[in-house]
2 protein chains.
Amino acid sequence: MDTELIKGTLSLLILSLLKRRAMYGYELATTVRQETNGAFEWKAGSLYPSLHKLEKDGLVRAQWQGKPEGRQRKYYHMTQTGEAVLAEKIESWSIISQAVNQVLEKPNE
Amino acid sequence: MDTELIKGTLSLLILSLLKRRAMYGYELATTVRQETNGAFEWKAGSLYPSLHKLEKDGLVRAQWQGKPEGRQRKYYHMTQTGEAVLAEKIESWSIISQAVNQVLEKPNE
DNA sequence: GATATTATATAGCTATTCTATATATAGAGA
DNA sequence: TCTCTATATATAGAATAGCTATATAATATC
C-alpha cells in the first residue's frame with residue numbers, strides 16, 4: 001500500500017466526518033477504519049496534531065465531555081469556517097481525483 | 001485548490017506517462033498540464049528531484065538525447081521494476097480514492 | 001539586441017505525517 | 001488481585017515530499 005497517496009486526505013476526511021455529527025478523536029479513527037475497511041488506519045500521532053491544527057485554524061471547535069469524573073473525551077464540532085473549507089476541499093478532491101484517473105485511463109500511444 | 005491532495009500522485013503519474021512511451025522531464029510537465037486541463041502544474045523543483053529519485057530507485061532509466069550538439073534532453077525510460085511498482089501504485093490509488101469517496105458520500109446521521 | 005520559452009539542476013524551506021513515548025481509565029480474564 | 005488489552009489523549013523528534021528561489025544555457029521570436 002502506497003501510503004504517500006493518503007497524505008492530504010486526513011483533514012478532508014476529518015472535516016467530512018465531523019459534518020455528520022460531533023465526534024471525539026478516537027471515534028474518528030475507528031469510524032474511518034471501519035468505513036474504509038481498514039484502508040485508513042489513522043495513528044494517534046497523526047490524528048491528534050491534525051485536530052489541534054484544525055482547531056487552531058478555527059475549522060473545528062473542541063469541547064471536553066461534560067461529566068468531570070471518569071475518562072474524558074474531547075468532542076470536536078464543525079464551525080461555519082470549517083464547513084466552507086470542507087466544501088473547497090471536496091471540490092479540490094473532485095478535480096484532482098478526476099485528473100489522476102484521466103491520465104491513468106488514457107491508452108498507450 | 002488544496003494542493004496537499006496532489007502529494008503522492010506525482011510519482012504515480014510520472015510512471016503512468018512513461019509507460020506509454022519515453023519522455024523527457026519538460027515534456028512530462030507539459031503533457032500532464034494539458035491532459036488535466038491545468039489541474040496539475042508540476043514545478044521544475046518538484047519534477048526533476050522526483051525523476052532523480054525514481055532513477056536512483058531503479059524505476060526509470062535516463063538517457064541523454066543522442067545528438068551531442070544543441071540543447072540536450074534527458075529521456076526517461078520505464079524499467080521492469082518501474083512497471084511493477086506502477087501496478088502497485090495504481091492498485092493503491094484505486095483503494096484509496098474509493099475509500100475517500102465512500103466516506104464523503106455517506107449521508108449525515 | 002532583448003525577451004520569452006525551452007530544458008535541466010540544486011540548495012534550502014515548509015508542512016504533513018509517522019514513530020516513539022508518555023499518561024491514565026476501563027474492562028476482561030486468570 | 002494482578003495482568004493484559006482496549007480506550008483516550010498528548011507531544012517531541014524524525015522522515016520526507018513538494019515548493020520557492022536561484023542558476024545555467026540554448027532556441028525562438030520580436
Side-chain angles (χ1 to χ4, degrees), chain A residues 1-15 22-34 39-57 59-60 62-76 85 89 92-93 96 100, chain B residues 1-15 22-34 39-57 59-60 62-76 85 89 92-93 96 100:
Chain A
M1 185 70 154
D2 187 348
T3 54
E4 201 55 43
L5 289 161
I6 291 177
K7 290 194 179 177
T9 64
L10 182 58
S11 57
L12 166 67
L13 293 184
I14 289 174
L15 291 174
M23 294 192 201
Y24 55 96
Y26 197 88
E27 186 185 13
L28 286 163
T30 52
T31 303
V32 88
R33 190 181 62 233
Q34 280 168 23
F40 288 66
E41 295 268 7
W42 290 344
K43 304 299 154 73
S46 311
L47 176 59
Y48 293 110
S50 182
L51 284 169
H52 298 158
K53 183 168 188 304
L54 291 174
E55 188 185 8
K56 181 173 146 278
D57 294 345
L59 310 190
V60 301
Q63 195 173 23
W64 284 101
Q65 192 184 35
K67 58 172 184 175
E69 84 287 352
R71 187 164 47 203
Q72 295 290 293
R73 290 168 172 171
K74 195 190 265 186
Y75 278 85
Y76 287 91
V85 170
K89 280 178 180 286
S92 292
W93 167 254
I96 289 167
V100 170
Chain B
M1 185 71 156
D2 187 348
T3 55
E4 200 55 43
L5 290 160
I6 292 178
K7 290 195 178 178
T9 62
L10 182 58
S11 58
L12 166 67
L13 293 184
I14 289 173
L15 291 174
M23 294 192 201
Y24 55 97
Y26 197 88
E27 186 184 15
L28 286 162
T30 54
T31 303
V32 88
R33 190 180 63 234
Q34 280 168 21
F40 288 66
E41 294 268 7
W42 289 345
K43 303 300 154 74
S46 310
L47 177 59
Y48 293 110
S50 182
L51 284 168
H52 299 158
K53 183 167 187 305
L54 292 173
E55 187 186 9
K56 180 173 146 279
D57 294 344
L59 310 189
V60 301
Q63 195 172 23
W64 284 101
Q65 192 185 37
K67 58 173 184 176
E69 83 287 350
R71 186 165 47 203
Q72 294 291 293
R73 290 169 173 171
K74 194 190 265 187
Y75 277 85
Y76 287 90
V85 171
K89 279 177 181 284
S92 292
W93 166 254
I96 289 166
V100 170

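Because only heavy atoms are used, hydrogens play no part in the values below, and waters and symmetry mates are left out as well, while side chains stay in. Each chain gets a letter, A, B and so on, in the order the sequences are listed, and its residues count up from 1.
Each of C:dT8, D:dA10, D:dA8 was ranked by its minimum atom distance to the side chain of A:K74; first place goes to D:dA10. Comparing atom distances between the B:K7 side chain and each of C:dA7, D:dT9, D:dA17 picks out D:dA17 as nearest.
Mapping A:Y24 and B:K53 onto DNA chain D by nearest heavy atom places A:Y24 at the nucleotide closer to the 5' end. Mapping B:T30 and A:L47 onto DNA chain C by nearest heavy atom places B:T30 at the nucleotide closer to the 5' end.
Residues A:Y76 and A:I14 are not in side-chain contact: their nearest non-hydrogen atoms beyond the backbone lie 4.5 Å or more apart. The shortest distance between side-chain heavy atoms of A:L10 and A:F40 does not fall below 4.5 Å. By the 4.5 Å heavy-atom criterion applied to side chains, A:L13 and A:L28 are not counted as neighbours.
Applying the side-chain hydrogen bond (donor to acceptor under 3.5 Å, both in side chains) criterion to A:S11, with sequence neighbours excluded, gives A:K89. In this structure B:E41 satisfies the side-chain hydrogen bond (donor to acceptor under 3.5 Å, both in side chains) test with no other residue, sequence neighbours excluded. Qualifying side-chain hydrogen bond (donor to acceptor under 3.5 Å, both in side chains) partners for B:Y24, counting only residues two or more places apart in sequence or in other chains: B:R73.
Nucleic acid contact for A:E4: sugar-phosphate only, since backbone atoms but no base atoms lie under 4.0 Å from a heavy atom of the residue. Using a 4.0 Å heavy-atom criterion, one finds that A:L10 contacts the sugar-phosphate atoms exclusively.
A:K74 and A:A62 get closest at one heavy-atom pair: CD-CB, 3.7 Å.
For the pair B:D57 CG and D:dT16 P, the interatomic distance rounds to 11 Å; values are reported in whole Å. Put simply, NZ on B:K56 is 13 Å from C1' on D:dA17, counting in whole angstrom units. In this entry the distance linking NE2 of A:H52 with C1' of D:dA12 reads 14 Å, nearest Å. Note: CG (B:L54) to P (D:dT16) measures 15 Å, nearest angstrom. Atom CZ in B:R73 sits roughly 11 Å away from atom C1' in D:dT27 (whole-Å rounding). Between the OH atom of B:Y48 and the C1' atom of D:dG18 there is a distance of 16 Å, given to the nearest Å. Straight-line distance from the CH2 atom of A:W42 to the C1' atom of D:dT9: 16 Å, rounded to whole Å. Rounding to whole angstrom units, OH of residue A:Y76 and C1' of D:dA8 are separated by 11 Å.
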Any protein N or O atoms within reach of nucleotides 20-25 of chain D? Criterion: under 3.5 Å, listing atom names and distances.
none

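Here the straight-line distance linking atom CD1 of B:I6 with atom CD1 of A:I96 works out to 4.0 Å at 0.5 Å rounding.
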Please tabulate, for the side chains in residues 42-53 of chain A, all donor-acceptor contacts under 3.5 angstrom to protein atoms that are two or more places apart in sequence or on a different chain.
residue: A:H52; atom: ND1; partner: A:Y48; partner atom: O; Å: 3.3
residue: A:K53; atom: NZ; partner: A:D57; partner atom: OD2; Å: 2.8

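Terminal axes of the helix from C:dG1-D:dC30 to C:dA30-D:dT1 (five pairs each, C1' rotation axis) are separated by 20°, to the nearest 10°.
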